[in-house]
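Numbers restart at 1 for each chain; the letters A, B, ... are given by sequence-line order, proteins then strands.
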Amino acid sequence: MSSSASPLVTRFAPSPTGHLHIGGARSALFCWAFAKKNGGRFMLRIEDTDAARSSLESARGIIEDLHWLGIVNDLGPFIAADGSVGQHDWEASSGHPPVGEYFQAKRVPIYNKYLEQLVKSGRAYPAFESNEEIDAQRKVAVAAKQTYRYPRPSEIEFGKFNAALEARWKRAQAGERHVMRFAAPNEEIVVHDEVLGDVKYAPGEMDDFVIRKADGFPIYHFAVVIDDETMGVTHVMRAQEHLNNTPRHVALQKALGFRTPSYAHMPLIVNMDNSKMSKRDKAKFARKAAKDAIAKDKAITATSLSASTGQDEKLIAQFLSADNDSLEIAQALAKHFKVPLPEIEVWDFRQNGYLPEAITNFVSLLGWNPGLKTPDGKDLEKFDMQFLASHFGIDRIGKTSSKFDRAKLLAFNADAINALPDEIFVSRWRTWCEEFEPEFAKAVGPSADRWLVLARAVKPRAKTLRDGVKSSAFLVRPDSATDFDPAAAEKNLLASDRAGLKLLRTIRDRFDSVTDAEWTPELLHSLIEQAGQQAGTGMGPVSQAIRIAIAGAAVSPPLGETLAVLGKRSALVRIDACLAEFGSAS
RNA sequence: GGCCCCGUCGUCUAGCCUGGUCUAGGACACCACCCUUUCACGGUGGGGACAUGGGUUCGAAUCCCAUCGGGGUCACCA
């Protein structure tokens, strides 16, 4: 085997501060696909150097989200069957030394080693200003409409470990609080980007940015450069928001004597209103819902909301005035006002009944396109992970940002659901229900047959797995718990001198005369048809009356199947309850 | 504001590199009709875009420039 040839390596390097963002999912997908297409490896690395915001639970969550999508990494952490965090590393035969740690927080000694190298070569220096001092200076600059650039101390000589630097180094070694800054080169930097082409940055654009924080953790730019080098990353593919970081990385690589990997910056994914898709959107959305409600009803206050949601009143007040974007409060308010929060993270989509294959397919089309036609001449846009792994290429990544069109995703999801054979659909639907709609799953019960019948009735019109629950929940709730839609009842039962109720009474007696053995979709259908003929109305009005009685609404799966699933007893109880509710036809 | 990126239907995009086959194609959404026991599905049809202005050229969505517009980024976050 060609163990000596340096293999192609891409990486996805999330920071574990929450669930996997849908944009992150696309980045990971493209990195994965590019590696697969080129016989390379896809690496996962966890960027947890922000000690305050990072958590191991988030890292686990992200790894699981990726796994659920079918994006499996060849290198870096994974979740083992027993739930522990394992790790794939370079094997001895690969020719690449093992990386050891894929969590940045555990690599601090490595960063420090390179940092010292930089200091000793006069390319990094300790700086002792406090955060507050810098902030104050920055504010002055911003107020004067100037771009703030940290002024390099005059005693620091670029590229020289002089006495002044040595003195600073000693102070730092002695424990004085400091940050480490990179002595940026005063030269033009050209980023060769595989998507955008050459992007030039003039000399002097870059200031002496911080590369190690006072807490001893490296800044992103520094850790990334060292990790990409030492982990063997050859191709960096990330979102365009990182483009302006790249010159820093290139400068750092040069100062450290590293190679520069190949870069490809992908277009951003934005909301329909052009704003950046972010986790904060949930807070914005919940805040708007709350404010709308308050505008309508002055009685709603932070105090009343605190009472009804159980959240802290102060935090709610802050939330409402946009002083915080607490996800917890956003969720509590959304639940209280019964508004759905926008799906932003992979987990949100999963929870709401999206299929991973629909998500990966849809998201892969955001900024990329296979450029192929289907046999009937249309643009090819439905494909699976295997297809991506064999057709993906950077050359077909676009430059323009893409709006995230939920309607199209929903259409893709509906198609993906309908493409599933019934047996597969029922098992996936059931598994999903057990996780996300446990009460519904419990109400359906253990019978595989019952699940299958239900699944068949539900699948053709379900755009999400949750839709399947919504459209069939009426079937599994107690017969006495029907919640009649007043408008639908008026139209289909009471209108035209209670015509619907009369039809309902007639069909009720016909149903009553059917034996349990005869209670099949076919027979029921023909009974309804006959009743419609005899009434001279066709089967429509009869059907609608039955729908109101058994579902409470004017919409349901086809009645034959629906009634069959329900069973004769329940059907009659519901019809009788309905007749009682609206008064029997006189 | 400085720097950087981008600009084809409402949206995702094909076409652009290698000008003519583009009266600009597809998908989602929308509208109409058909199918239909409801809702979906499906079928047929329809409206809908080359940001603007200058060049270059016999000819420009395609090449060049300007303008306008949108976005990103300017942290001891990543």
Side-chain angles (χ1 to χ4, degrees), chain A residues 13-17 47-50 52-54 104 127 129-131 134-135 138 142 144-149 177-181 191 193 195-197 199-202 205-207 209-215 217 219-221 223-224 239-247 265 267-268 270 272 274-276 362 365-369 371-374 376-382 395 398-412 414 418 460-463 467 471 488 492 525 528-529 532 538-544 546-548 551 553-560:
Chain A
S15 104
T17 57
E47 310 219 327
D48 56 349
T49 54
D50 184 345
R53 295 198 301 154
S54 300
Q104 288 185 330
E129 296 87 353
S130 71
N131 202 172
I134 299 289
D135 274 352
R138 203 192 322 273
V142 169
K145 296 211 166 191
Q146 301 281 308
T147 303
Y148 175 77
R149 287 194 175 81
R177 190 175 172 83
H178 68 285
V179 298
M180 283 288 180
R181 287 183 181 269
V191 173
D193 188 275
V195 173
L196 268 9
V199 182
K200 293 174 183 167
Y201 295 87
E205 281 296 318
M206 194 187 303
D207 74 346
F209 57 95
V210 172
I211 55 178
R212 191 178 73 185
K213 298 177 255 184
D215 66 6
F217 281 108
I219 272 297
Y220 162 75
H221 309 296
V224 160
Q240 237 175 65
E241 65 195 78
H242 285 293
L243 179 63
N244 292 328
N245 291 150
T246 313
H265 287 91
L268 254 20
V270 299
M272 291 304 274
N274 261 331
S275 62
K276 195 170 153 182
F362 174 72
L365 255 8
L366 262 24
W368 182 78
N369 174 302
L372 299 173
K373 300 282 183 193
T374 59
D376 56 341
K378 298 182 170 176
D379 291 359
L380 177 70
E381 56 174 22
K382 294 292 176 61
D395 53 322
K399 299 179 179 182
T400 64
S401 59
S402 329
K403 295 196 174 91
F404 192 82
D405 184 356
R406 290 161 196 283
K408 186 156 180 170
L409 202 214
L410 193 62
F412 269 50
N418 271 291
R461 70 212 77 237
K463 290 185 194 291
D467 282 351
S471 65
N492 297 295
H525 180 269
I528 296 170
E529 204 167 28
M539 68 189 294
V542 184
S543 301
Q544 289 312 87
I546 300 172
R547 281 204 165 84
I548 305 297
V555 178
S556 86
L559 275 179

Rounded to the Å, how far apart are L365(A) CG and rU13(B) C1'? 8 Å
Could you tell me how far apart L410(A) (CG) and rA27(B) (C1') are, to the nearest whole angstrom? 15 Å
Between T400(A) and G367(A), whichever has its closest RNA chain B nucleotide further toward 5' is T400(A)
Round to a whole Å and report the spacing from CG of D395(A) to C1' of rC16(B). 15 Å
Checking rC12(B), rC3(B), rA14(B) against the side chain of L366(A) (C-beta onward), the nearest is rC12(B)
Measuring from Q146(A):CD to R138(A):CZ, what's the distance to the nearest 0.5 Å? 14.5 Å
How would you label the contact of G377(A) with the nucleic acid (heavy atoms, under 4.0 Å): base, sugar-phosphate, or nothing? nothing
Taking only the C1' atom of each, what is the distance from rA51(B) to rA60(B) in whole angstrom? 16 Å
In this structure, CG of L559(A) is separated from CZ of R547(A) (nearest 0.5 Å) by 4.0 Å
Under 4.0 Å, counting only non-hydrogen atoms across every strand here, what does M180(A) touch: a base, just sugar-phosphate, or nothing? nothing
Tell whether K408(A) reaches the base of rA27(B) with its side chain through a donor-acceptor pair below 3.5 angstrom. yes
Kindly give the heavy-atom pair with the smallest separation between P267(A) and Q240(A), and that separation in Å. CA-NE2, 3.7 Å
Send over the distance from L409(A) CG to rA29(B) P, rounded to a whole Å. 12 Å
In Watson-Crick or G-U wobble terms, with both distances under 3.5 Å, the base opposite rC30(B) is rG46(B)
Glycosidic class, syn or anti, of rC41(B) using a 90° window around 0: syn
Would you classify K200(A) as touching base, sugar-phosphate or nothing, given that sugar-phosphate means primed atoms plus P, OP1 and OP2, and contacts are heavy atoms under 4.0 Å? sugar-phosphate
Using atom NZ of K373(A) as one end and atom P of rU13(B) as the other, report the distance to the nearest whole Å. 15 Å
Heavy atoms under 4.0 Å is the rule here; annotate nucleotides 68-78 of chain B 5' to 3' with B where the base is hit, S where only the sugar-phosphate is, and - elsewhere. --SSBS-SBBB
Round to the nearest Å and state the distance from D379(A) atom CG to rA14(B) atom P. 8 Å
rU21(B) to rA66(B) separation - P atoms, rounded to the nearest Å: 29 Å
Can you check whether K399(A) reaches V195(A) side chain to side chain, under 4.5 Å on heavy atoms? yes
Using the P atom as the reference point in each nucleotide, state the distance between rU18(B) and rU44(B) in Å, no decimals. 39 Å
Here the gap from E129(A) atom CD to D135(A) atom CG, rounded to the nearest 0.5 Å, amounts to 12.0 Å
Got a sec, which residues hit ring-ring contact (aromatic ring centres under 6.0 Å, His included) with F217(A), two or more places apart in sequence or on another chain? none
Rounded to the nearest 0.5 Å, what separates atom NZ in K213(A) from atom OG1 in T49(A)? 4.5 Å
note: D193(A), atom CG; rC3(B), atom P; distance rounded to Å ~ 20 Å
For rC16(B), give its Watson-Crick or G-U wobble partner with both distances under 3.5 Å, or none. none
Non-hydrogen side-chain atoms of K408(A) and L365(A) separated by less than 4.5 Å: no
What's the CG-P distance between N369(A) and rG15(B), to the nearest Å? 7 Å
With both distances kept under 3.5 Å, what pairs with rG2(B), Watson-Crick or G-U wobble? rU73(B)
Give a yes/no on whether any side-chain N or O of K399(A) is located under 4.0 angstrom from OP1 or OP2 of rC6(B). yes
Nearest-0.5 Å distance, CD of residue Q104(A) to OH of residue Y220(A): 9.0 Å
Per-nucleotide protein contact string for nucleotides 35-49 of chain B, where B marks a base within reach and S marks sugar-phosphate only (heavy atoms under 4.0 Å, - for neither): --BBBBS--------
Between rG46(B) and rC5(B), how many Å separate the two C1' atoms, rounded to a whole number? 38 Å
Closest non-hydrogen atoms of H221(A) and N245(A), given as atom of the first, atom of the second and distance, are CE1-ND2, 3.3 Å
How far does the P atom of rC35(B) sit from the matching atom of rG43(B), given to the nearest Å? 16 Å
Gap in Å between the two C1' atoms, one belonging to rC63(B) and one to rC16(B), rounded: 10 Å
Supply the atom-to-atom distance N492(A) CG to I546(A) CD1, rounded to the nearest 0.5 angstrom. 11.5 Å
With rounding to the closest Å, how many angstrom separate the P atoms on rA14(B) and rU8(B)? 10 Å
For the C1' atoms, the ones on rC41(B) and on rG47(B), what distance do you get once it is rounded to whole angstrom? 24 Å
